[in-house]
Amino acid sequence: MNSSNLLDTLNNPQREAVTAPLEHILVLAGAGSGKTRCLTHRIVWLLEMDKTHSYNILAVTFTNKAAIEMRSRIDTLLQKPAKGLWAGTFHGIAHRLLRFHWQDANLPQAFQILDSDDQRRTLKRLLKASRFDEKMFSPKKVQNFINSSKDEGLRAKDIIADEGDGWLTSMLEIYHAYEEICLRTGVVDFAELLLLCYELLRDHPPLLEHYQQRFQYIHVDEFQDTNTIQYKWLCLLAGTQGKLFVVFDDDQSVYAWRGARVENIQQIQTDFSDTRLVRLEQNYRSTGTILAAANALIAHNKGRLGKKLWTQDKAGAPVALYSAYTEVDEAKFVAEKIQAWQGKRREVAILYRTTAQSRQFEEALLQNSMSYRIYGGLRFYERLEIKDILAYLRLLIHRDNDGAFERIVNTPRRNIGNKTIDTLRDIVRSQGGSLWQAARTVLDEKQLKARAANSLMAFLRLIEQMAAQIKDLPLHEKVEQVKIATGLIIHYQKERKEEVERRLENLEELVNAARQFEQFKRDEPNLLMAFLDHAALEAGERQGNSNEDCVQLMTLHAAKGLEFDNVFLCGLEEGLFPHQNSLDEPQLEEERRLCYVGITRARKHLYLCHSKSRYRYGRRDSCTPSRFIGEIPPKFIRAVRL
DNA sequence: TCACTGTAATTTTTT
DNA sequence: ATTACAGTGA
């Protein structure tokens with residue numbers, strides 16, 4: 001494709017962004033304005049115009065899905081693979097760098113990734129072994145504290161507690177202890193991937209220089225969602241020569257609660273002098289009325305960069321408003337409206353604020369025998385049986401992974417009870433090392449009763465035997481072997497009937513996944529390790545109960561980035577949406593942005609629903625309509641009934 | 001090691 | 001209402 005063809009499909013502002021001179025470009029891209037198109041065309045333009053080589057390009061996203069989409073669209077435009085171009089998530093890229101430079105990063109070569117669930121378990125164990133008040137220092141709260149500290153780029157030693165601030169002092173003590181555990185057992189959590197990678201580059205000038213030389217053109221998707229450490233990482237990598245091209249929408253920032261900082265948009269304009277802001281305000285998705293409603297709603301937020309989406313499309317149908325009596329009534333209305341809809345079922349989405357709301361809709365759809373798909377729930381690699389097998393594999397390549405050890409030492413039952421493990425924990429506490437090493441010590445020094453010693457010995461042997469056994473097998477046979485040799489299959493068969501089948505199917509699926517991975521990564525030197533990283537970093541698609549053409553149910557957060565002909569925005573009530581815990585600024589503005597995201601998902605028809613009463617926490621509460629409904633001018637809305 | 005019981009919490013979740 | 005979890009007793 002030559003450059004004129006490339007630019008033909010773009011509107012003026014898009015073309016301006018794509019062909020902008022080589023300074024730092026900030027693209028304010030409204031919902032449905034073609035931001036991915038803009039990003040991919042920019043990259044392809046750089047290549048086609050010989051501005052640079054694909055080797056010098058970095059493209060960063062938040063989700064694996066977006067990264068894959070981006071690469072595939074670039075390859076399509078180029079009509080060949082963009083060799084040497086790095087496209088990935090922040091975490092994926094940080095991880096890649098840490099694998100390359102594990103020595104400089106002070107990591108064991110076999111370091112493994114701790115997903116959120118593993119992290120929580122680790123903290124839970126840590127807390128149980130210490131004396132902190134369980135209320136104030138629940139695993140969840142501690143996890144939050146640690147992760148948000150790391151998101152801010154702060155280690156335990158960087159935070160100073162005021163004299164008399166007992167809470168913070170304790171928190172820091174826990175943070176410290178957690179850091180030690182991670183170091184000792186060779187695991188790295190998600191936030192740590194970013195922080196560690198940042199420090200790696202910051203503290204190794206030759207390395208930094210190398211990557212600054214390499215990644216001269218850095219592209220960032222969903223920039224409004226970057227947190228402090230991601231921003232600092234980008235600045236470091238860009239240095240003085242690198243050129244940033246970032247795409248964002250401040251009105252779609254809905255992850256502040258996870259550390260995202262919209263302020264980074266202003267920050268970047270002060271940190272870099274030669275920036276140019278381009279606005280993409282033409283919307284190619286929704287009708288005029290839907291856009292007008294969205295614009296009116298979001299105008300209630302203060303401190304926006306400000307933009308007005310417009311469309312060439314006709315006004316279309318008014319926004320429909322349904323006032324239900326109960327949540328059952330609401331669901332019934334939605335189901336019947338969908339039944340009457342002539343188009344594809346997959347073009348209908350039911351969006352809600354909280355996952356708990358999905359049940360009513362499921363029941364109503366079921367009653368009308370309509371198939372549906374719920375986004376959410378467990379992902380493939382998060383399932384219990386999968387995580388068990390993976391824990392064995394983790395232990396097999398890294399015996400010091402205490403988390404993996406604890407998870408499976410007595411799964412399936414092999415009479416290694418709490419007492420035995422406590423003995424091991426004591427040794428770790430007094431002598432350091434890992435549980436595995438402690439197990440060795442205990443057996444050598446005969447510190448256990450015969451029965452317990454035999455059980456533990458059998459376990460160690462099992463692991464060693466498996467390690468020898470699978471050493472030279474192809475990946476999928478390794479998985480297969482672990483499945484069989486551990487006795488996990490028999491273990492799961494003891495559960496309820498339907499469970500058994502599902503679990504066994506999933507285990508079979510894991511072997512398949514391993515086989516596919518093998519095919520896909522032919523040149524990978526350590527396939528098993530890469531497979532485990534893949535499992536942690538890309539936990540797989542969220543469970544969908546159907547692939548057919550069916551109604552889509554999801555939370556508003558999950559809907560970001562998607563679009564549908566028909567959108568039902570449900571549960572628009574004070575206390576639910578905006579949520580109880582977010583009724584004052586600045587959280588209220590984030591709720592409003594969430595509502596904006598919901599509205600702008602719709603192409604043709606938008607339904608807003610609220611109920612006069614709702615069953616919550618075992619009570620029936622009466623509800624008032626959400627303020628967000630009132631913030632849309634009545635002229636765009638028409639009340640409907642069945 | 002299990003089954004029972006009381007208690008508390010119950011927003012969103014890219015990696 | 002539902003679930004998750006710690007504590008208790010057999």
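Naming: A, B, ... by sequence-line order, numbering from 1 per chain.
Between the CD1 atom of A:Ile374 and the P atom of B:dT13 there is a distance of 12 Å, given to the nearest Å. Separating the CD atom of A:Glu362 from the P atom of C:dT2 is a distance of 14 Å, rounded to the nearest angstrom. Protein atom CG of A:Leu194 is 12 Å distant from nucleotide atom P of B:dT15, rounded to whole Å. In this structure, A:Met554 places its CE atom 15 Å from C1' of B:dT13, rounding to the nearest Å. Spacing between atom CG of A:Asn144 and atom C1' of B:dT13 amounts to 11 Å, rounded to whole angstrom units. When the C1' atom of B:dT15 is taken as reference, atom CG of A:Asp533 falls 13 Å away, rounded to whole Å. Rounded to whole Å, atom P of C:dT2 lies 11 Å from atom CD of A:Gln360. As a whole-Å value, the separation of A:Phe190 CZ from B:dT13 P is 15 Å.
Applying the 6.0 Å contact sphere to NZ of A:Lys35 captures more than 12 heavy atoms from other residues, nucleotides or ligands.
Nucleic acid contact class of A:Tyr615 (heavy atoms, under 4.0 Å, all strands): sugar-phosphate only. Within 4.0 Å of A:Asn64, counting heavy atoms only, lie sugar-phosphate atoms of the nucleic acid but no base atom. Counting non-hydrogen atoms under 4.0 angstrom, A:Lys124 reaches the backbone sugars and phosphates but no base.
Contact annotation: A:Lys128 side-chain N/O to C:dC5 OP1/OP2 distance is not under 4.0 Å. OP1 or OP2 of C:dT2 has not a single side-chain nitrogen or oxygen of A:Arg616 nearer than 4.0 Å.
Candidate nucleotides C:dA6, B:dT12, B:dT15 were compared by shortest atom distance to the side chain of A:Trp257, and B:dT12 ranks first. When distances run from any side-chain atom of A:Thr555 to the nucleotides B:dT12, B:dT15, C:dT2, the shortest one goes to B:dT12.
Among A:Arg627, A:His610, A:Lys612, A:Arg614, the single residue meeting the side-chain hydrogen bond (donor to acceptor under 3.5 Å, both in side chains) criterion with A:Glu573 is A:Arg614. Each of A:Arg96, A:Gln112, A:Arg99 was scored for a side-chain hydrogen bond (donor to acceptor under 3.5 Å, both in side chains) with A:Asp533, with one residue passing: A:Arg99.
Aromatic ring centres of A:Phe215 and A:Trp86 lie closer together than 6.0 Å. In this structure, A:His101 has its ring center closer than 6.0 angstrom to the ring center of A:Tyr211.
Not counting sequence neighbours, A:Glu589 has no partner by the side-chain hydrogen bond (donor to acceptor under 3.5 Å, both in side chains) test. For A:Arg155, the salt bridge (Lys or Arg N to Asp or Glu O under 4.0 Å) test picks out A:Glu179, A:Glu192, A:Glu199, with sequence neighbours left out.
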How would you summarise protein contacts on nucleotides 1-11 of chain B per nucleotide, using B for base, S for sugar-phosphate only and - for none, with heavy-atom distances below 4.0 Å? -S-------BB
